[in-house]
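What follows is a single structure, written as structure tokens, with notes after it.
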Amino acid sequence: MERTYAMIKPDGVQRNLVGEIVRRIEAKGYKIVAMKMLQLTKEMAEEHYREHVGKPFYPGLVSYITSGPVIAMVLEGKNVVKGMRTLMGATNPADALPGTIRGDFGLDVGRNVIHGADSVESAAREMAIYFKPEELLSYSKAVEGWLYE
Ligand code: DAT
Ligand code: MG
């Protein structure tokens, strides 16, 4: 089963949106296989956002993502990488549709509430920044027969 890395950003935590966001993820049917709260170091942020080094928004991005606690998660489910991107909505909340997390809860591209990996490869790279392999749990849930045919 596919896995992705997702993270509720410092604004999501500060705005008391953790429960609402986790509720949406669980209601969709994705399984939480790892979750913790932490505050990113500058080094972790630089590794996480290494594809954006040199872009004009990069310094602000690193200072935002390290500005407070985040909720780091590994999620599992059918096509979860693409599905989480859909649940999150467009990068800029101004373009994100109502019904998506960014569309419902964000205004500014620099405060877009949630991160989600953009490919299976990015997901694997990102989850390794935050979790040891043994922290990713494999378990079954009774509801699976009602989520998957
Ligand atoms: P996403 O988070 O949807 O994967 P991304 O990887 O292109 O988007 O960019 C990472 C983050 O950087 C994004 O969540 C918000 C910020 N960002 C992206 N483009 C930006 C821009 N043009 N101005 C300001 N911040 C931007
Ligand atoms: Mg990205």
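We count ligands from 1, going down the list as the structure has it; atoms in each ligand are counted the same way.
Heavy atoms of R85 come nearer than 4.0 angstrom to ligand 1 in at least one pair.
Ion pairing of K42 with E46 is present here, as a side-chain N (NZ or NE/NH1/NH2) and a carboxylate O approach within less than 4.0 Å. Between R24 and D104, at least one side-chain N (NZ, or NE/NH1/NH2) sits under 4.0 Å from a carboxylate O, which counts as a salt bridge.
Near Y49, meaning under 4.0 Å from any of its heavy atoms, are these atoms of ligand 1: 10 (C). Close approach of ligand 1 to N112 is summarised as follows: ligand atoms under 4.0 Å from at least one heavy atom of the residue are 13 (C), 14 (O), 15 (C). Shown in contact with K9 at under 4.0 Å from a heavy atom are these atoms of ligand 1, numbered in order with element: 14 (O). Interface of R102 with ligand 1, defined as ligand atoms under 4.0 Å from a residue heavy atom, comprises 1 (P), 2 (O), 3 (O), 14 (O).
By the criterion of a heavy-atom distance under 4.0 Å, neither the backbone nor the side chain of R111 is placed next to ligand 1. Under 4.0 angstrom from ligand 1, the non-hydrogen atoms of V109 come from both its backbone and its side chain. Residue-level proximity to ligand 1 for H52 is carried by the side chain, the only part with a heavy atom below 4.0 angstrom.
Under a cutoff of 6.0 Å and an axis angle of 45°, K31 and Y139 form a cation-pi pair.
Residues D95 and R102 fail the side-chain proximity criterion, which asks for heavy atoms closer than 4.5 Å.
With respect to atom 21 (C) of ligand 1, the closest heavy atom belonging to the protein is F57 CD2, 3.4 Å. Scanning the protein for heavy atoms near atom 3 (O) of ligand 1, the closest one is T91 OG1, 2.5 Å. Of all protein heavy atoms, the one closest to atom 11 (C) of ligand 1 is L61 CD1, 3.8 Å.
Screening E135, K36, H48 for a side chain to side chain donor-acceptor pair (under 3.5 Å) with Y130, the sole residue that qualifies is H48.
Transitive grouping of hydrophobic side chains (ILVMFWY, heavy atoms separated by less than 4.5 Å) brings I71 and V113 into a common cluster. Hydrophobic clustering, with ILVMFWY side chains joined whenever heavy atoms are under 4.5 angstrom apart, groups M73 together with L17.
A distance of 11.0 Å separates CG in L137 from CE in M35, rounded to the nearest 0.5 Å.
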